[in-house]
Asker: 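What follows is a single structure, and I will ask about it in a moment.
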2 protein chains.
Amino acid sequence: MFSIGELSRRTKVKVPTIRYYEEMGLLVEAERTSGNQRRYDKAGLERLSFIRHARDLGFSIEAILSLIELQEHPDRSCQAATKIAVAQLADVRAKVKKLKALERELVRMAKGCDGHGVSEDCYVLASLADHEHCENEH
Amino acid sequence: MFSIGELSRRTKVKVPTIRYYEEMGLLVEAERTSGNQRRYDKAGLERLSFIRHARDLGFSIEAILSLIELQEHPDRSCQAATKIAVAQLADVRAKVKKLKALERELVRMAKGCDGHGVSEDCYVLASLADHEHCENEH
DNA sequence: TTTACAATCTCTAGTGACTAGAGGTTCAAG
DNA sequence: CTTGAACCTCTAGTCACTAGAGATTGTAAA
Ligand SMILES: [Zn+2]
Ligand SMILES: [Zn+2]
Ligand SMILES: [Zn+2]
Ligand SMILES: [Zn+2]
């Protein structure tokens, strides 16, 4: 049995975040000492590691809730889990696509101005003022 | 002179968002009718278009504030503008890099499970439980 | 001119996933 | 037994909006 601080150190999840996860229902309410402090065991550590990993991969709290529920029922079909992962993948790919489009425009803008001119003639500012300068939609 | 709704239609920025931008100091306070409704002109339209374009490119409100201030002083050096754009580009590139790493892991997970198994044996869930499955850091 | 009603106004609160701080209590080492 | 780091709860702040309540205004048809 160890404290929330120890759990925090082992998982690299900040203490207030652990409490937040508990409040959100991601972590079951921890056991308490007589003085009302949380105590965790290996199971708690594993659950939090799972959550942390899923968050690192960009899954929402809501998605993680579903994943955990599934994990707690080993006999159920894992179809929902795959669905969530595939949706997350689609989400990530959509974000990459958008960001790549932005990157192209930003490169063009940065190239167009060396910063030695005057605001009035600045290519960056002119580009922001008029989307027509852009080569792609974004 | 046109209403906030008309401005919204022309810029594709929602009405409450326009009011929010005004509150944040991005838009100068609009003229009002005798009945206290906002009225805009071409200058207002151009400023909002600038803001919208910058937001679309991912610039923060704070960054846009600086850009607008610069725009209002045509004689100033545009160094700050370039700096902001370059920082934004770096930010976008960092995000892309992170997302690409996530994409690789998510592809692996999605490939590892067809969704026809049982939760206990699910590769997606196993991968989330243990980062050791991952091929890259993320 | 009156009436109807969409559009506008201000204000407050909610979103997601935390983070920060105040003010008080408990644990563990010395 | 004392000290002080770590813990507790609660509230509020972050970013860039978005939603809704309840009241007022603008405009066009009857
Ligand atoms: Zn420039
Ligand atoms: Zn553009
Ligand atoms: Zn599976
Ligand atoms: Zn991993």
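Protein chains get the first letters and strands the later ones, always in sequence-line order, with residue 1 at the start of each. Model, not experiment: these values are computed from the prediction.
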Asker: dT9(D) phosphate, OP1 or OP2: any side-chain N/O from R19(A) under 4.0 angstrom?
Answerer: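 For dT9(D), neither OP1 nor OP2 has a side-chain N or O of R19(A) closer than 4.0 Å.
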Asker: Let me know the distance between CD1 of I4(B) and P of dG26(D), rounded to the nearest Å.
Answerer: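 Those two atoms, CD1 and P, are 14 Å apart.
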Asker: Looking at R32(B), does any N or O in its side chain come under 4.0 Å of the phosphate oxygens OP1/OP2 on dT10(C)?
Answerer: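 So the side-chain polar atoms of R32(B) do come within 4.0 Å of the phosphate oxygens OP1 or OP2 of dT10(C), strictly under.
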Asker: Between dC9(C), dC7(D), dT8(C), which one does the side chain of S3(B) approach most closely?
Answerer: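 Looking only at heavy atoms from C-beta outward on S3(B), the closest nucleotide is dT8(C).
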Asker: Can you find a side chain N or O atom of R38(A) that sits less than 4.0 Å from OP1 or OP2 on dC8(D)?
Answerer: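 Answer yes for this pair, as a side-chain N or O of R38(A) is under 4.0 Å from OP1 or OP2.
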Asker: For I18(B) and dT10(C), give me the distance from atom CD1 to atom C1', rounded to whole Å.
Answerer: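 Going from CD1 in I18(B) over to C1' in dT10(C) covers 16 Å.
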Asker: Atom CZ of F2(B) and atom C1' of dT27(D): how far apart are they, to the nearest Å?
Answerer: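 It is 19 Å, rounded to the nearest whole Å.
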Asker: For Q37(B) and dC5(C), give me the distance from atom CD to atom P, rounded to whole Å.
Answerer: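 Result: 19 Å.
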Asker: For the pair D41(B) (side chain) and G44(B) (backbone), establish whether a donor and an acceptor sit closer than 3.5 Å, ignoring hydrogens and angles.
Answerer: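 The answer is yes, because a donor-acceptor pair under 3.5 Å joins these two groups.
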Asker: Check every atom of dT8(C), dT18(D), dC8(D) against the side chain of P16(B) and return the nucleotide holding the closest atom.
Answerer: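 Nearest nucleotide to the side chain: dT18(D).
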Asker: Is there a side-chain polar atom (N or O) of T33(A) under 4.0 Å from OP1 or OP2 of dC27(C)?
Answerer: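 It does, given that an N or O in the side chain of T33(A) lies less than 4.0 Å from OP1 or OP2 of dC27(C).
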Asker: Any N/O pairs under 3.5 Å between the protein and nucleotides 13-17 of chain D? List them or say none.
Answerer:
from    : atom 1 : to     : atom 2 : distance (Å)
dA16(D) : O3'    : R55(B) : NH2    : 3.4
dC17(D) : OP2    : Y21(B) : OH     : 2.8
dC17(D) : OP2    : R55(B) : NE     : 2.6

Asker: Do the side chain of S8(B) and the main chain of I4(B) share a donor and acceptor less than 3.5 angstrom apart?
Answerer: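 Between the backbone of I4(B) and the side chain of S8(B) there is no qualifying donor-acceptor contact (under 3.5 Å).
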Asker: Just how far, in rounded Å, is P of dG16(C) from CG of D91(A)?
Answerer: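 About 14 Å, once rounded to whole Å.
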Asker: N36(B) CG to dC11(C) C1': how many Å, rounded?
Answerer: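 Between C1' of dC11(C) and CG of N36(B): 14 Å.
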Asker: Indicate yes or no for a side-chain donor-acceptor contact from Q88(A) to the backbone of G58(A) under 3.5 Å, with no hydrogens or angles considered.
Answerer: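 Side chain of Q88(A) to backbone of G58(A), a donor-acceptor pair under 3.5 Å: yes, one is there.
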Asker: Say whether, by atom type as modelled, one donor and one acceptor occur between the side chain of H53(B) and the main chain of S127(A) under 3.5 angstrom.
Answerer: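 Yes; at least one donor-acceptor contact below 3.5 Å.
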Asker: Checking R10(A) against F2(A): charged group under 6.0 Å from the ring centre and within 45 degrees of the axis?
Answerer: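 Output yes; distance and angle both within limits.
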Asker: Whole angstrom is fine here: how far is it from CD in E23(B) over to P in dA13(C)?
Answerer: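 Between P of dA13(C) and CD of E23(B): 14 Å.
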Asker: Please confirm whether the backbone N or O of E135(A) pairs with a side-chain atom of E105(A), one donor and one acceptor, at under 3.5 Å?
Answerer: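 It does hold such a pair.
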Asker: Report the distance from atom CD of E29(A) to atom P of dC8(D), rounded to the nearest whole Å.
Answerer: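 Distance, rounded to whole Å: 12 Å.
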Asker: Check whether any side-chain N or O of R52(B) sits under 3.5 Å from a backbone N or O of T11(B) as a donor-acceptor pair, and report yes or no.
Answerer: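 At least one qualifying donor-acceptor pair exists.
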